[in-house]
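First the proteins, then the strands, lettered A, B, ... as listed; each starts at 1. Any value given below was found using the heavy atoms of this structure, including those in side chains, with hydrogens, waters and symmetry copies removed.
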Number of protein chains: 2
Amino acid sequence: MQGYRLTPQRHLILDIVRKAGAHITPEQVYASVYKQNPAISRATIYRTLDFLCEMRLIHAMQWGDRTYYEIAGDAPHHHLICRQCNSVEQIDHATLALLIETIDKQHHFSVDMDHIALFGLCRKCRSSSGATKQPAALQSN
Amino acid sequence: MQGYRLTPQRHLILDIVRKAGAHITPEQVYASVYKQNPAISRATIYRTLDFLCEMRLIHAMQWGDRTYYEIAGDAPHHHLICRQCNSVEQIDHATLALLIETIDKQHHFSVDMDHIALFGLCRKCRSSSGATKQPAALQSN
DNA sequence: ATTACTGCAAAGGATTTGCATGTGA
DNA sequence: TCACATGCAAATCCTTTGCAGTAAT
């Protein structure tokens with residue numbers, strides 16, 4: 001083993017994940033890649049996404065049964081995702097830090113808080129909600 | 001439409017999920033079902049699991065990219081799952097309620113707290129950890 | 001020159017679906 | 001009875017892999 005290589009494919013894929021405002025799926029990455037270079041295969045997308053995760057250049061997270069990626073390196077933050085309108089709100093680390101501490105004290109358990117997504121109802125949907133009881137999920141990587 | 005039917009398959013599957021101490025996957029359910037009645041198909045497992053979720057008799061949750069089920073109706077509780085030794089600890093609703101309230105006040109966002117799993121390191125693994133940087137996840141339904 | 005990386009196509013595993021048959025209410 | 005459920009097999013969907021060819025360093 002000599003080291004990792006910076007190929008155009010990796011360059012392009014990293015760029016796409018970076019530019020994606022929100023979280024992006026492998027398939028969405030592929031669609032973007034395809035426009036610029038149809039020769040790049042899905043296998044490369046998946047392998048590169050894995051690779052970039054290992055390199056810690058991007059983060060992976062599971063929502064429901066899909067994997068989403070986003071560029072790494074931002075200040076630690078988490079998400080509040082509305083299960084009704086799918087809006088995404090950011091929430092700073094400090095707020096959740098309280099929870100971490102509490103659990104640490106009570107259970108001597110240190111929660112991984114790299115990146116968490118909390119599902120629920122946002123302000124708007126809360127008032128106009130028909131109370132559709134649906135999944136709340138939280139994932140991270 | 002006349003109403004739903006209580007078939008032996010549904011009976012059996014519900015029973016298996018109930019008796020499973022921890023969370024159980026469709027495949028595990030199938031294995032259990034198979035022992036008692038090899039004629040029951042996987043399709044039925046999946047369809048019944050979905051059905052039981054809609055009936056709110058069981059809960060579904062995603063861990064990583066797998067779906068787990070558990071019997072519903074217990075007092076609301078959540079889980080602390082060690083990513084090292086896979087031990088599962090229960091955590092009561094009250095602890096997380098604090099977080100809900102905080103987020104409610106700060107963001108006017110009501111988090112779904114039906115059932116949440118927090119990943120991290122348990123007491124034991126914390127001390128003896130080689131700090132394997134790995135996924136933290138939280139899921140619910 | 002190495003040997004990591006890629007593309008292709010095929011394999012994989014989990015879950016879903018169409019359709020004819022079976023069965024609970 | 002007869003609409004809902006089931007079994008079977010094929011189909012999908014997302015993701016991974018083997019292998020031979022390609023290219024970064």
Discussion item. Rounded to whole Å, how long is the line connecting atom CD1 of I45(A) with atom P of dC5(C)?
Written reply: 16 Å
Item to complete: Return yes if a side-chain donor-acceptor contact under 3.5 Å exists between E70(B) and H23(B), otherwise no.
Response: yes
Worksheet entry | Touch class at under 4.0 angstrom, heavy-atom based, for S41(B) against every strand present | base
Worksheet item: Hey, does the side chain of R126(B) reach the backbone of H108(A) with a donor-acceptor pair shorter than 3.5 angstrom?
Response: yes
Worksheet item: DNA chain C: Y46(B) or T7(B), which has the more 5' nearest nucleotide?
Response: Y46(B)
Fill in: Residue R10(A), side-chain heavy atoms: nucleotide from dT17(C), dT6(C), dA9(C) that is nearest
dT6(C)
Worksheet item: Tell me: OH of Y69(B) to C1' of dT15(C), nearest whole Å?
Response: 9 Å
Item to complete: Between N37(A) and D50(B), just flag the one whose closest nucleotide in DNA chain C comes earlier from the 5' side.
Response: N37(A)
Worksheet item: In whole angstroms, how far is the C1' atom of dT12(D) from the CD atom of E27(A)?
Response: 13 Å
Worksheet item: Would you say dA23(D) has OP1 or OP2 under 4.0 Å from some side-chain N or O of R5(A)?
Response: no
Discussion item. Does dC5(C) have OP1 or OP2 under 4.0 Å away from a side-chain N or O of T48(A)?
Written reply: no
Discussion item. Does R47(A) reach a base, just sugar-phosphate, or nothing at all? Heavy atoms under 4.0 Å.
Written reply: base
Worksheet item: Does a side-chain N or O from Q9(A) land closer than 4.0 Å to OP1 or OP2 of dA23(D), or not?
Response: no
Discussion item. Under 4.0 Å, heavy atoms only, any strand: does P38(B) hit a base, just the sugar-phosphate, or nothing?
Written reply: nothing
Item to complete: Inspect the contact between R18(B) and D15(B) and indicate whether a charged nitrogen and a carboxylate oxygen are less than 4.0 angstrom apart.
Response: yes
Item to complete: Spell out, as yes or no, whether a donor-acceptor pair under 3.5 Å connects the side chain of R42(B) to the backbone of Y30(B).
Response: no
Worksheet item: Which part of the nucleic acid, if any, lies within contact of R66(A), taking any heavy atom under 4.0 Å across all strands shown: a base, the sugar-phosphate backbone alone, or nothing?
Response: sugar-phosphate
Worksheet item: Nearest to the side chain of T44(B), which nucleotide is it out of dT15(C), dT6(D), dA9(C)?
Response: dT6(D)
Discussion item. Strictly distance-based, threshold 3.5 Å: is any side-chain N or O of R56(A) a donor or acceptor partner for the main-chain N or O of A72(A)?
Written reply: no
Fill in: Between dA14(C) (P) and Q62(A) (CD): distance, integer Å
15 Å
